[in-house]
There are 2 protein chains.
Amino acid sequence: MGGRTSKRKVTIRDVAERAEVSISTVSHTFSGLRPISRATRDRVLKAAAELGYEANPSARSLRTGRSGLVGLVLRPRFAVAHTRDRAETFNRLVGSVATEMLRRKVGLIHVPELDDPAVASVPMDGCIVAHPYGGDSVVTELLRRNVPLVTIEEDPERPELPWAVRLDYSTAVSGLLDHLREQGADRVTLFTGGEDNAWNRRTRETYHAWCERHGHRARTELLSESLSADSAATRIRRLLTVPRRPDAVVVATSDFAAIVVQIARELDLRVPEDLMVAALTDSEHSRLSTPPITAMDLSHEQLAAAGVELMLARLAGAATPDGPVVIGPDLRFRASTRRDGGAR
Amino acid sequence: MGGRTSKRKVTIRDVAERAEVSISTVSHTFSGLRPISRATRDRVLKAAAELGYEANPSARSLRTGRSGLVGLVLRPRFAVAHTRDRAETFNRLVGSVATEMLRRKVGLIHVPELDDPAVASVPMDGCIVAHPYGGDSVVTELLRRNVPLVTIEEDPERPELPWAVRLDYSTAVSGLLDHLREQGADRVTLFTGGEDNAWNRRTRETYHAWCERHGHRARTELLSESLSADSAATRIRRLLTVPRRPDAVVVATSDFAAIVVQIARELDLRVPEDLMVAALTDSEHSRLSTPPITAMDLSHEQLAAAGVELMLARLAGAATPDGPVVIGPDLRFRASTRRDGGAR
DNA sequence: CGCACGCGTCAAAACCTTTTGATGGGATCG
DNA sequence: CGATCCCATCAAAAGGTTTTGACGCGTGCG
């Protein structure tokens, strides 16, 4: 290496010396907080450019108390999940939050760990928590630390937090159930997920309310997200060979919905004629299945955009909103629920 | 709010006062750099817990010169791309880097902007640059700043940088061309992308080398990634209605490959009998098309895993490797190139 | 002519850590 | 008993920035 690139970083002091001004003058030149004469400014700018000066971000945020960075925590640690369904959800969520942040030129940090003292904590001005659990410990911790918080989907135990974006499950899930009924379904069973988050809770609630409203006998089965494909298949097979089996199932995850379709074929049940299948989240599984599976798309992109906007507004000092921003999930009607052949 | 949560953050000084020890003793208690007696340690730990002390990350990294964070820059600003193809690529890449970093409990920062002085720079110990352009300006800047750098895919103008992960296009693309030839293709045209990155360069080079090796007349057409679907369609239509039109096309992006299939149908060309189609990147477009399109999968997950591992090794002080880590892309043979009906 | 004020600049404080040389006391060894 | 060493702790420096009170000088106004 040439002697050109020395190990030591160039600091504001180096610039000041070279421009023959004080340190504070250099700072003011960049911040514009105090007026600087034209001549001095030019000298400082020239010196800074020649030296390749770049303010040390740690020193800056130590002083100002702000880092210009926003944290992101994904609650179900999708990362450890190995199913393609969850990977797609994770990727879409992370990708769209990142896209939104990049567009606004604010740095985004994936927070590795909040509790573990062995893991260095990160300098963030605020934190977005996506898909918190009920009474989520990460939310608790962030509240304790006074870190401005925005949640994507609510913490079901903290409906009072107004800085949140949430999906309107009530309308969408009712719409889906209405559709199944219209298509002739009589015994709709819900295969719900086991994680305690808004998605599972609200869809379940809506299902029960809808059943009550329509005098439909509510029937739910637990199909934990953590099941392997094989265990899920075994369990599904059992659930479909029961007396008075359902003629329509709404499955939480779309990979399990695809398995339902597969098992149905195995059992010589035609989809949708003998069994309709719908999923409460959309992914390539539902789209590539034969027949393609009706699904509720969780609008991750819209959730992310609204969440980021909310966070930046909050950091900019906006007033506390009255309540969460509400986004409508999109229903994607496909062949797995259309007995009439797709007129809709 | 109760007076419990005061605005001021609790610092190491508060802990020291409460535990009636010096500041340095508190620091040593946590770092373990110097021995601390059992009694004192307990007192300090208790005080810290009661106060909810958390070291200020900025102050820490100012002092130590390390932040424990790794930056990530995606080079083609996929973010501004609106095609689903690019969104999927972006999501997969970002998602798998994030997954890999979370698994290792190191914070990851999406770097919003490196050149723009108006955008605050970020505290990172190293930076991963994915899919750099030839002579990439971001790479230049990072080298100038002495930031430890790892690239995912090489900067084509800087083949000498050993801290890199790259794909072995030579084998994969040759394999794809061999396959087309086996299936009876005689006039293979390459529809290449316009961006100057390793993917476009290396695939083009391999194509030309392969043509030379087999006495095949090389024919390439530029199909810029930035074209809208409509403009791409127009251009593709023209390219397929030329005298002595190709009987196989290898298309850079999979969304354009899907358009090729569509136009072929429009022109009454059967795929693959009259025209074979393959893509140099895989996405839902290629999988959902009818017929499904043969594609080269860019193994983003493997690239990400290797890139992250390389970065952490570098930060941990590993020796400079001899050369880039090489990953093999996966060929996904599908109906769009199988005249023999899928025996492979 | 005297006073107030605005402008451009400077010096110093503050932000919170980690690191390191120094210190004092007790144990160990010759 | 004196010299040596180790252990636990402390005080102070250093890291690079932003912010703010102060200062000197010229200008405008009464």
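The sequence lines fix the lettering, A, B, ..., with proteins before strands; numbering per chain opens at 1.
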Next on the checklist: Measuring from the side chain of S37(A) (C-beta onward, heavy atoms only), which nucleotide among dT17(C), dT9(C), dT20(C) has the closest atom?
Outcome noted: dT9(C)
Checklist entry - T25(B) side chain: which of dC10(D), dG8(C), dT19(C) is closest? => result dC10(D)
Checklist entry - The side chain of A59(B) lies closest to which of these nucleotides: dT9(C), dC16(C), dT9(D)? => result dC16(C)
Next on the checklist: Is there a side-chain contact between I128(B) and V73(B) in this structure, where contact means two heavy atoms from C-beta onward sitting under 4.5 Å apart?
Outcome noted: no
Next on the checklist: Can you measure R43(A) atom CZ to dT9(C) atom C1' for me and round it to whole angstrom units?
Outcome noted: 11 Å
Item to check | Side-chain heavy atoms of I12(A) within contact of S27(A), under 4.5 Å | outcome: yes
Item to check | OP1 or OP2 of dT9(C) under 4.0 Å from side-chain N/O of S24(A) | outcome: no
Item to check | Side chain T140(B), main chain D136(B), donor-acceptor under 3.5 Å | outcome: yes
Item to check | Spacing of L33(A) atom CG relative to dG8(C) atom P, expressed in whole Å | outcome: 14 Å
Checklist outcome for this item: Of H28(A) and I12(A), the one whose closest nucleotide on DNA chain D sits nearer the 5' end is I12(A)
Checklist entry - Roughly, in whole Å, what's the span from CG in D14(B) to C1' in dT17(C)? => result 13 Å
Checklist entry - Atom CZ of R13(A) and atom C1' of dC10(C): how far apart are they, to the nearest Å? => result 14 Å
Checklist entry - Which sits closer to the 5' end of DNA chain C, R34(B) or R60(B), going by the nucleotide each is nearest to? => result R60(B)
Checklist outcome for this item: N56(B) atom CG is separated from dT17(D) atom P, nearest whole Å, by 17 Å
Checklist entry - At under 4.0 Å between heavy atoms, what does S27(B) touch on the DNA or RNA strands: base, sugar-phosphate, or nothing? => result base
Item to check | side-chain N/O Y53(B) vs dC16(C) OP1/OP2, d < 4.0 Å | outcome: no
Next on the checklist: Could you tell me if S61(B) and S58(A) have a donor-acceptor pair between their side chains, going purely by distance under 3.5 Å?
Outcome noted: yes
Checklist entry - Between R63(A) (CZ) and dT17(C) (P), how many Å, whole number? => result 15 Å
Checklist entry - I23(B) CD1 to dA14(D) C1': how many Å, rounded? => result 14 Å
Checklist outcome for this item: Separation of dT19(D) atom P from L62(A) atom CG, nearest Å, is 12 Å
Checklist entry - Do any side-chain nitrogens or oxygens of S22(A) fall under 4.0 Å of OP1 or OP2 in dC10(C)? => result yes
Item to check | Under-4.0 Å salt bridge between R38(B) and D42(B) | outcome: yes
